[in-house]
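The next block holds one structure in the form of structure tokens; read it before the comments.
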Amino acid sequence: MKHFKCGKCAKNYKIDSTKVQSRKMVVTCSSCNARNVVRFGPVLVAQSKGKVKKFPLTLGDNTVGRKSDSSQSRIQLEDKFVSRNHANITLEEKDNKLYFFISDLNSKNGTHNKSKVKIKTDIKYPFTLNDFYVVGLTKLSVKYN
């Protein structure tokens with residue numbers, strides 16, 4: 001089940017995500033008639049200093065970096081220990097299954113796995129739903145929304 005609130009009146013709704021046929025759907029609120037877009041699919045979950053942010057992932061490369069005016073990273077984190085172009089999350093589809101990989105982009109402070117071991121630069125490491133990696137002070141994990 002996916003839980004969401006109407007963006008206008010905050011009424012709670014539940015959607016059975018197993019019956020959804022696409023990555024997003026439009027739901028019209030029965031209380032205020034507002035149209036709400038609900039997205040489904042893989043997301044990158046970034047946890048830092050008690051805050052949690054979710055970023056939708058797309059097929060191909062999803063670069064992760066520090067939020068700044070000069071960063072061209074698709075996913076920008078508010079963490080001063082993250083490089084402007086720190087890591088890359090790659091999503092590949094094969095036989096109707098999604099596979100996740102992470103690689104460090106020669107960042108200053110490195111990318112560490114859950115065992116606190118620094119991963120090597122420019123090598124694609126498998127990133128499963130049970131794994132997490134650390135960039136700067138931010139813990140990254142992937143899950144389905």
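All values below were derived from every heavy atom in this structure, side-chain atoms included, with hydrogens, water molecules and symmetry-related copies excluded.
At least one side-chain heavy atom of C29 sits less than 4.5 Å from a side-chain heavy atom of N36. Contact of the H86 side chain with the L77 side chain is not registered, since no non-hydrogen atoms from C-beta on lie closer than 4.5 Å. Residues S31 and C6 have side chains not in contact (no heavy-atom distance under 4.5 Å, counting atoms from C-beta outward). Two residues are said to be in side-chain contact when any heavy atoms from C-beta on lie closer than 4.5 Å; L98 and P42 meet this criterion. Between L44 and N62, the closest side-chain pair of non-hydrogen atoms is not below 4.5 Å. Using a 4.5 Å cut-off on side-chain heavy atoms (C-beta onward), S30 and K11 make contact. Between K51 and E78, the closest side-chain pair of non-hydrogen atoms is not below 4.5 Å. Side-chain contact between F55 and V64 is absent, with no heavy atoms from C-beta onward closer than 4.5 Å.
The main-chain N or O of S71 is found under 3.5 Å from a side-chain atom of S68 such that the two form a donor-acceptor pair. Side-chain atoms of D79 never come within 3.5 Å of backbone atoms of G136 as a donor-acceptor pair (strictly under, hydrogens ignored). Here the side chain of N113 pairs a donor or acceptor atom with the backbone of S115 at under 3.5 angstrom. Within the 3.5 Å criterion, the main-chain N or O of S48 finds no donor-acceptor partner in the side chain of T138. Put simply, the side chain of Y125 never gets that close to the backbone of D104: no donor and acceptor are under 3.5 Å apart.
With rounding to the nearest 0.5 angstrom, the OG1 atom of T111 is 8.0 Å from the CG atom of L140. Once rounded to the nearest 0.5 Å, the distance linking CG of N106 with CG of N85 reads 11.0 Å. Separating the NZ atom in K124 from the CD atom in E92 is a distance of 3.5 Å, to the nearest 0.5 Å. Here the CD1-OG1 distance, from I102 to T128, works out to 11.5 Å after rounding to the nearest 0.5 Å. To the nearest 0.5 angstrom, K94 atom NZ is 7.0 Å from Y99 atom OH. For the atom pair CZ of R74 and CD1 of I89, the computed distance is 10.5 Å after rounding to the nearest 0.5 Å.
No hydrogens or angles considered: nothing links the side chains of D122 and S103 as a donor-acceptor pair under 3.5 Å. Side-chain atoms of N88 and T63 form no donor-acceptor pair, as typed in the model, at a separation below 3.5 Å.
Residues V134 and V52 fall into different hydrophobic clusters, defined by Ile, Leu, Val, Met, Phe, Trp and Tyr side chains chained together at heavy-atom separations under 4.5 Å. Taken together through direct or relayed side-chain contacts under 4.5 Å among Ile, Leu, Val, Met, Phe, Trp and Tyr, I119 and F127 form part of one hydrophobic cluster. Hydrophobic clustering, with ILVMFWY side chains joined whenever heavy atoms are under 4.5 angstrom apart, keeps L137 apart from V45. Side-chain heavy atoms closer than 4.5 Å link hydrophobic residues (I, L, V, M, F, W, Y) into clusters, and following such links, even through other members, never connects V117 to F132. Grouping the Ile, Leu, Val, Met, Phe, Trp and Tyr side chains by contacts below 4.5 angstrom, directly or via other members, places L129 apart from V43.
Under a cut-off of 6.0 angstrom, the local environment of NZ in K67 is sparse, with at most 12 non-hydrogen atoms contributed by other residues, nucleotides or ligands. Environment of CZ in R84: sparse, with no more than 12 heavy atoms of neighbouring residues, nucleotides or ligands closer than 6.0 Å.
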Subject >> Verdict with supporting geometry, F4 and V27, side chain to side chain contact (heavy atoms under 4.5 Å, CB included) >> reply: CA-CA 10 Å; F4 77 97; V27 178; 3.8 Å; yes

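Taking every heavy atom of both residues into account, S83 and K108 meet most closely at OG-N, 3.1 Å.
Ring geometry, Y144 versus F100: the interplanar angle exceeds 60°, so the pair is classed perpendicular (tilted spans 30 to 60°).
Paired with D131 under the rule salt bridge (charged side-chain N to carboxylate O under 4.0 Å, His left out), one option of K139, K143, K114 passes, and it is K114.
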